[in-house]
Each structure stands twice: as C-alpha cells, then as structure tokens.
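Each chain gets a letter, A, B and so on, in the order its sequence line appears, and its residues count up from 1. Atom set for the values below is all heavy atoms of this structure, side chains included, hydrogens, waters and symmetry mates excluded.
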Amino acid sequence: MAAVIVETEAYIVDDPACHGYGGESARNRSMYGPPGHAYVYFIYGVYWCANAVCRPKGVAEAVLIRAVEPVVGIDLMRKRRTVAHDKQLTNGPGKLCTALEINRTLDGADLCDTNSSLWIAHNPEHKKLLLSKGPMITTTRIGITRAAHLPLRFYLKGSPWVSKQGKMKKH
DNA sequence: CCAGGGATCCCCT
DNA sequence: GGGGATCCCTGGC
C-alpha cells in the first residue's frame, strides 16, 4: 500500500499538548528515541495514531499524520474500513491507521528504511503537482484542549482527502 | 491499586 | 453538534 500525506500536526517541546510533555514514559518512549522513527499510540480505547519523530534522541517532538491520499492498495483499505465513500477511508489519524493497518507493532519502526513495514519517502515531482492544486495551509490543531492556539496544523488546501475541521472546544 | 482522561470516530438528532 | 465506545497510561493515595 502507498499513500500521500496531506495533513499533519506538530507536537513540540514545551507544548502541553505534546505526549512528551511531562517526561518519558512507557507510552511515549519512541518520541524520546532517535529521529526518523514512528511513534504509534492508542487513543480513546479504539484507535491508533501514527507520528514521525523528528528531533534528536532525547528531544520529544513528533509530527502526527492526520490524513493521507490513498494511492496503492485502495481495495485493501476498503476491506479494513467499511465506508460509503473512499474519501472517508483515510481522512483522519485513526482512520488512516485502520486503513493502513498501523498499530502497536509499528511503534518505533524505522521510517527511513525501505525494508521497514512502514516508511516515508520524499517525492519532489508529486509534491510539485499537489502544491499546484492548492497552497499549504497553517491552522491551529484539532481535538486538543491545551496549547490549542498554536499554529501547528498543516494541510493541503486543494486536497479532498483532508480531515474535516474539528470541533472547537469551549473554555 | 484504581479512577479518570485522552492528538478519534461514528451514529443519532 | 452532541454523546458514547473502550483501553492504555498516568498520577494520586
């Protein structure tokens, strides 16, 4: 299977919304590991979410993959997710993990190793094509309560595969 | 040891 | 646009 990342969120040092905030634990250990590896966690008792660790070992920062555009293996994704429209296959962090079968076993996976079960590649041609359809948009993150004002969500405006705007929590 | 919270999704209105 | 599902992790006792 293959998919193009179209929406992400960053979680950084000194960010109360970051799982690494408050120190290393069994759950967030991968975040403290070397860069280029996956941090996969379980949420709301139902879903898995996948991140790419981006800073040196010991610096707990990561990028949450929030939405992807399916490219190869759509039939397989449809089997794992029963939805009316393909658009709903991977337009959310939990959805895409179900569609791509990402779970605890991939926590810590080397995202830079093409022999890994989960890896990320850079495709300049595709990037150019995608950006020609719409700009990258920067907004606040979705579904969090702490540090909700930080502009750390990024998505391709021209993509129909981006997740819906989240509910804004009152305070 | 155990109660409570959470970077979501889906179904209901 | 509101609420429940459902389990792992954390912190408090």
Distance, rounded to the nearest Å, where A/I102 contributes CD1 and B/dT8 contributes C1':
15 Å
How would you label the contact of A/R81 with the nucleic acid (heavy atoms, under 4.0 Å): base, sugar-phosphate, or nothing?
sugar-phosphate
Tell me whether A/L64 is reachable from A/Y32 by hopping between hydrophobic residues (I, L, V, M, F, W, Y) whose side-chain heavy atoms are closer than 4.5 Å.
yes
Expressed in angstrom and rounded to an integer, what is the separation of A/L96 atom CG from B/dA7 atom C1'?
12 Å
Which whole-number value in Å describes the distance from A/D107 CG to B/dA7 C1'?
15 Å
Whole-Å distance between C/dC7 P and A/F42 CZ?
7 Å
B/dG6 phosphate, OP1 or OP2: any side-chain N/O from A/R27 under 4.0 angstrom?
no
Pick base, sugar-phosphate or nothing for A/G45, based on heavy-atom distances below 4.0 Å to the nucleic acid.
base
So A/R104, base contact, sugar-phosphate only, or nothing? Heavy-atom distance under 4.0 Å.
sugar-phosphate
Is there a side-chain contact between A/T90 and A/W161, using heavy atoms and a 4.5 Å cut-off?
yes
When all nucleic acid strands are considered with a 4.0 Å heavy-atom cut-off, which category describes A/N51: base, sugar-phosphate, or nothing?
base
To the nearest Å, how far apart are A/Y47 OH and B/dT8 P?
11 Å
Can you check whether A/Y11 stacks with the B/dA7 base, using ring centres under 5.5 Å and planes within 30°?
yes
